[in-house]
Amino acid sequence: MNIASVIVDVPAKQTDKPFDYRIPEGWLGTIVPGMRVVVPFGPRRVQGFVVALKDHSEFNKLREIHEPMDLVPVLNKELLELGNWLTDHTLSFKISAFQAMLPAALKAKYNKKVKLAQGVSIEELPEGIHHYFEGGQSIGWEDAVKGGLVPVLQKEAAAGNVEVLYEVRERLGKKQIKFVFPLLSQDELRLALEEISPRAARQKDLLEYFIEHPDPAEARKLVGDSGFSPSAIKGLVDKGLLGEKELEVYRDPYEDREFPKTEPLKLTFDQHTAIAPILSSIEENRHEVFLLYGVTGSGKTEIYLQSIQEVIEEGKEAIVLVPEISLTPQMVERFKGRFGAKVAVLHSGLSAGEKYDEWRKIQRREVKVAVGARSAIFAPFENLGIIIIDEEHETSYKQEEMPRYHARDVAIERGRKHKCPVILGSATPSLESFARAQKGVYSLLKLPDRMNNQPMPEVEIVDMREELRSGNRSMFSRKLFEKMEDRLEKKEQIVLFLNKRGHSSFVMCRDCGYVMGCPHCDISLTYHRRNEQMKCHYCGYESRVPLQCPECLSEHIRYFGTGTQKVEEELGKLLPHARVVRMDMDTTGRKGSHERLLKEFSEGRADILLGTQMIAKGLDFPNITLVGVLSADTMLHLPDFRSSEKTFQLLTQVSGRAGRHELLGEVVIQTYTPEHYSIELAGSQNYDLFYQREMMNRKVHKYPPFFYLAMVTVSHGELMKAVSVTEQITAFLRARVSEEAVVLGPVASPIPRINDRYRYQCLVKYKREPALGENLKQVLDRYQKEDGSGGLQVSVDLNPYLLM
DNA sequence: AGCACGCCGACT
DNA sequence: GTCGGCGTGCTC
């Protein structure tokens, strides 16, 4: 077994297969599957993943692995297999699948540089470049390019005077802290103490300290807190009495936080009924998918917690997925409060280093529970006892880059492997999941009532057209405004929700209606208040905010700012005494500000919480008795077959923020289309009816869950090329699917141009096409290699969420 | 992805 | 005659 099959870090069609390498003698037995290695690849060096060991290779001239990057495999057997599964199910490259399963910090960084060849003296080089190589220095390739040195260096390289070096480095060093510790026993140290010259008083002090505290001490603390001098330490180290070592330490993002310990709550009757099948599935090591359908405030989290408790008692581990935005401290607090240090938290608010450290805790078996966003589904546990996906319907569980996986699918695959239950929890399940539960593929568990039999909040829908007709031009309906005044009077709290997805903050000329667009993409530029810039979210183009309309030279430029900002201003005018906390991208940009703002609100230092999407979920404050949705229909008219479903879910979720405890809650939903069923039924909180209505819609239009989707997106710098290739692909697929399937296209993508590339797509709706995967692979084979820089790009998304 | 190899136009 | 354009194909 001295040959390793390696998947190299080169995401391209032609390199998406294992390459064989000889394992150097010294590493035999050490290098095992799942490890990252540095291998020579052509003239360069790249990172690779060992996927298998073998004795023989088809190739006879194998090169050697340069060096391992890990001492312990970063992917275990199950995750390696899961990587293959991911590749098959998303048609992505193997390397992309592996990278997706690991924290970003483990992705390699590449460095190319030029140094003087061995045995060559600097005098042999042309004089002009001497100074780059003085004293054994080397020059980075990028600097060489910038300095126009490439031709000279190439010539020298050909002559053998310099060599090109390819470095593979870790993206990030492990955080290390220097510790000092005694090398001898206490008694020996006492003897040594006698030997120290009386003039070295500081060294004596330090030695006495170590005689009393023989444990390793942090060097920095010895110097800082205890006042020892670095020279004293050095003196004793030189005498061979003390040793120094670097120890890896974790960055613990929650280090300074205290989490009050909580105890399991007594379950209600409904909760009992719901948790029983989960517990027996855990005990019997049986894979089963449960859809936990419980209204907002029905106590789903307690069911999660107690199921996990059981899993831990069985000596197993748990993964809990939560949507990115709701990973509010509240959720973390509940898990940390119950399971303390057994919990690792993985979410986007952490730095790359912090995420890596949390991941390491899982890898080293130091925690039992991983709570995190989408990618936490790959937590490297070996003995999973349960996987929980909270707010199962959330679209953020679908990754929109390669590999385009859905965390729910990965969860079920892992659950199958580990023979453990998967819990999908939601107050508004996705149609896909609910349909599966109806068919008996998933087991349905219901929590129809709120805990303590608290009634669902009273919801009122206000027609804003009426308001306008009767002369109210403000953004608050009279009804909502009255209720707000009332709550302020009673010192109860209000949540105001502004859905601004669709048209976020753009700039428009009030005279001619000109909207600033990106010159490279067919999309409007977004206004960034922070640096007063207009930015394109798709290609990164930036420009100054114009003072004059570029079209008609008018100076009446209007900022359709963050929306929330405008509401805040208006609140300031209408209710000057109200204390408002605003939460949106602008105010939560900095790390920790999210947490801080919520704290401010929860401690009652504010009356009104005003925000976007991010406040729709997971908030649970007893004093909220009024929720206002300022305009319910902003997302209803997006070109997306799920827009009704998303609207319904969002409105239901926001409504659920009100009256969760003793006080009754009220909700006011303002809309311009009150007759739309998703708004009407969110108003009456009737999921079942909504489900039926929406299912009919989906059936008629052949959308999920009745049909699966596969989308091919083609982009090219020339419009005609993009169209013609999409045409070819559409024809190819059309000829290869059954009559039942529908192949749509070519159509321009909803964003027809990004980064000066025209985008066309082909959508396949199908029920059962066993050969479709193979056919799509062929499409990729045929077109992906034509992929030049200005050339063609073809991508496939199986079960797309964004049709863009 | 890089990088080398290889075959056709405008220049010292 | 050569330098250099980027099309094609390879990397164990």
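First the proteins, then the strands, lettered A, B, ... as listed; each starts at 1.
The salt bridge (Lys or Arg N to Asp or Glu O under 4.0 Å) check on A/Asp70 picks up A/Arg36, with sequence neighbours excluded.
No hydrogens or angles considered: a donor-acceptor pair under 3.5 Å links the side chains of A/Asp9 and A/Tyr110. With hydrogens and angles left out, the side-chain atoms of A/Asp756 and A/His520 include a donor and acceptor closer than 3.5 Å.
With rounding to whole Å, A/Tyr166 atom OH is found 10 Å from B/dG2 atom P. With rounding to whole Å, A/Lys13 atom NZ is found 18 Å from B/dG2 atom P. In this structure, the CZ atom of A/Phe59 is 10 Å from the C1' atom of C/dC10, given to the nearest Å. In this structure, the OH atom of A/Tyr21 is 5 Å from the P atom of C/dC12, given to the nearest Å. At whole-Å resolution of the value, CD in A/Gln14 and P in B/dG2 are 14 Å apart. What separates CG of A/Asp9 from C1' of C/dC12 is a distance of 16 Å, to the nearest Å. Here B/dA1 presents its C1' atom at 13 Å from CD of A/Gln99, a figure rounded to the nearest Å. A/Ile95 places its CD1 atom 15 Å from the P atom of C/dC12, with the value rounded to the nearest Å.
For the segment residues 45-56 of chain A, the set of residues with a heavy atom within less than 4.0 Å of an atom of DNA chain C is empty.
Side chain of A/His716 to backbone of A/Lys721: no donor-acceptor contact under 3.5 angstrom is found.
Look at A/Glu167 and A/Arg45 and you find no salt bridge, because none of the NZ, NE, NH1 or NH2 atoms lies under 4.0 Å from a carboxylate O. In summary, A/Glu432 and A/Arg408 do not engage in a salt bridge, as defined by a charged side-chain N under 4.0 Å from a carboxylate O.
Heavy atoms of A/Phe41 sit under 4.0 angstrom from at least one base atom. Across all strands, A/Phe93 comes closer than 4.0 Å to no nucleic acid atom at all (heavy-atom distances). Among the protein residues, A/Lys17 comes within range of the nucleic acid bases, having at least one heavy atom under 4.0 Å from a base atom. Across all strands shown, A/Arg44 has heavy atoms under 4.0 Å from base atoms, whether or not it also approaches the sugar-phosphate.
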Side chain to side chain contact (heavy atoms under 4.5 Å, CB included) between A/Tyr758 and A/Val714, worked out: CA-CA 8 Å; A/Tyr758 293 90; A/Val714 175; over 6 Å; no
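A close approach under 4.0 Å does not occur between any side-chain nitrogen or oxygen of A/Lys112 and OP1 or OP2 of B/dG2.
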